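Quantities reported herein were computed from a predicted structural model and do not represent experimental measurements. Every heavy atom of this structure was used, including side-chain atoms; hydrogens, water molecules and symmetry mates were not. Numbering of ligands and ligand atoms starts at 1, following listing order.
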Amino acid sequence: MINVIPKPVKCEEQYGEFIINSSTSIYADDSLAYARDRLIDIIEQTCGYRLNVVISTTANICFYVNRKIKDEGYEIDCDIDRMNIFASTKAGALYAVQTIRQLVLSDLIDKPSVLTMHAVKIEDYPRYSWRGLMLDESRHFYGPEAVKNLLDMMVMHKLNVLHWHLTDNNGWRIEIKGYPKLTQVGSYRAGTQSKAWGSNIIDWNPHEGFYTQNEIKEIVSYAARRNIMIVPEIDMPAHLAAAIASYPELGCFNKSIEPFVLHRGNNPGEIDIIACAGKDFTYKFIYDVIDELSKLFPSPYFHIGGDEAPKTEWKKCPNCQKMIEDNKLKDEEELQGYFNNKIAVYLKRKGKRLIAWNEVLKSDNLENSIIAQYWTAKSDPKINSWLDDGKNVIISKHQSFYFDMPYSKVNLKDTYNFDEEKYGIKDHNKAILGIEATLWTEWVPTQQRLDFQLYPRMEALSEVSWTPKDMLDYKEFLARLNKFLPTLKSLGKVYCPLNMVDTDKFKGAFDFITFLKRNAHFEYNKAMAYRKRRRY
Ligand code: ACM
Ligand code: ZN
């Protein structure tokens with residue numbers, strides 16, 4: 001067993017050890033120079049010296065382009081004298097470096113001057129092309145350094161999509177030059193609900209923050225160098241209260257509101273706040289925001305949320321009702337379909353596809369190009385017909401991939417053992433693009449808490465989205481994970497201890513009620529007390 005996460009597709013250990021020391025030389029075909037330099041950096045950080053770059057294929061370590069290798073795939077052929085790395089793309093070569101990093105660093109203590117790696121032949125490529133993580137920065141804002149750190153961790157785990165939830169009821173987090181109030185008003189809230197969803201206690205410390213367009217550009221290119229595409233999400237028509245607080249005319253009744261301090265609305269009725277689907281201004285606003293964001297995010301995808309959209313206001317709004325009548329729509333669900341389609345068509349003209357949470361499938365009039373992100377715990381019968389027609393889906397099932405949940409609700413084994421068939425998902429057409437975990441942050445006020453929710457879940461996500469399904473073995477994964485924990489520790493990550501990741505379901509049910517009603521921090525606090533005692 002080699003200690004690599006995610007487990008490579010094929011791996012044969014060879015006789016002997018390959019040694020890296022200060023006289024080791026390294027070569028790369030031009031297009032793979034970035035990956036070569038990352039390997040040089042890793043070795044420098046560990047041993048203090050930089051390998052000698054040579055323009056000769058007699059080097060000890062050589063990166064070669066091989067066009068026959070699958071996109072994002074790589075091969076490593078390492079005997080006692082030489083290590084050859086083959087990839088067709090920069091991404092594949094970069095992933096080879098991540099594998100080598102784990103192979104040479106897994107058993108290290110202190111600063112060594114020589115690194116050894118067991119001779120090995122590896123052939124590797126991903127199961128899914130979409131291996132994603134969603135970060136919610138509306139509920140809590142972490143800032144550029146935290147995001148860059150997350151991107152560094154993602155590439156280590158061969159994850160390639162950061163879905164960035166930049167706006168919601170509780171804060172708007174991105175500068176839009178044409179609508180300055182979005183950040184002047186919408187990026188600030190006076191306080192934050194504390195304890196749990198079931199509590200009305202508010203911590204009246206203001207919470208604010210947003211990314212300037214320059215910061216966004218820098219983060220997007222930082223991600224691209226790590227083979228990570230960033231997909232922005234502007235959640236609409238619901239979950240848009242921070243924008244409606246900034247521009248009340250976006251709402252059906254021009255009501256003056258503030259970004260929410262309670263996660264589900266400050267006052268009765270506020271959770272029903274929604275953008276008006278019957279006003280020209282709403283569409284102009286959305287198109288203008290898309291125009292600005294398209295210049296910042298080159299991704300061919302754009303996420304518009306679309307989840308949990310209550311229709312109470314649309315039912316009462318003369319503009320929305322007129323839109324239904326004029327366009328001969330059946331009801332308010334079809335109005336949301338109409339709203340989604342207008343935006344999908346606008347995005348298409350910009351070469352982008354619209355992604356939305358699976359509730360949007362409730363309307364039967366949707367554009368074919370829309371990608372549904374399947375999150376609901378409850379089975380959604382529309383998903384299979386969407387897949388049957390060859391339309392695309394990304395899987396984020398709550399039971400496996402909601403990383404904001406306590407481990408006692410979403411066990412680590414639930415993430416690792418995710419199985420489409422168990423959830424009745426039938427993909428005859430290979431229309432599932434991949435897997436994405438979500439990190440909602442209502443109860444994640446600090447970076448350390450963020451890390452606790454993420455690790456060691458990111459390792460399970462990495463393997464379930466990369467490694468062929470028939471090679472997944474949870475018990476064996478846990479053994480490799482145990483070897484990986486010192487790496488997490490050396491990177492300063494406060495992870496959930498393994499004795500807490502798989503609480504039994506009966507206890508988990510109690511814990512979940514505590515999490516929802518009384519104390520969303522109980523599990524984290526328990527783990528931190530354990531950490532103090534055991535210094536893990
Ligand atoms: C969601 O969790 N509302 C997508
Ligand atoms: Zn309206």
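- Every atom of ligand 1 with a heavy atom of E308 under 4.0 Å away is listed here by number and element: 3 (N).
- Residue Y402 has at least one heavy-atom neighbour below 4.0 Å for each of these atoms of ligand 1: 1 (C), 2 (O), 4 (C).
- Within 6.0 Å of atom NZ in K284, 12 or fewer heavy atoms from other residues, nucleotides or ligands are found, so the atom counts as exposed in its surroundings.
- Ring-centre distance between F506 and F510: below the 6.0 Å cut-off.
- Each of V360, N340, I234 was scored for a side chain to side chain contact (heavy atoms under 4.5 Å, CB included) with I304, with one residue passing: N340.
- Of all atoms in ligand 1, listed by their number and element, those nearer than 4.0 Å to a heavy atom of W440 are 1 (C), 2 (O), 4 (C).
- In this structure, Y495 has its ring center at least 6.0 angstrom away from the ring center of F452.
- For F210 and F141, the gap between ring centers reaches or exceeds 6.0 Å.
- For a threshold of 3.5 Å applied to N or O pairs, the pair formed by D307 and ligand 1 contains at least one separation below that value.
- Rounding to the nearest 10°, we obtain 110° for the angle at the Zn ion (ligand 2) between C252 SG and C320 SG.
- Of all the atoms in ligand 1, the ones that sit under 4.0 Å from a non-hydrogen atom of W375 are 1 (C), 2 (O), 3 (N), 4 (C).
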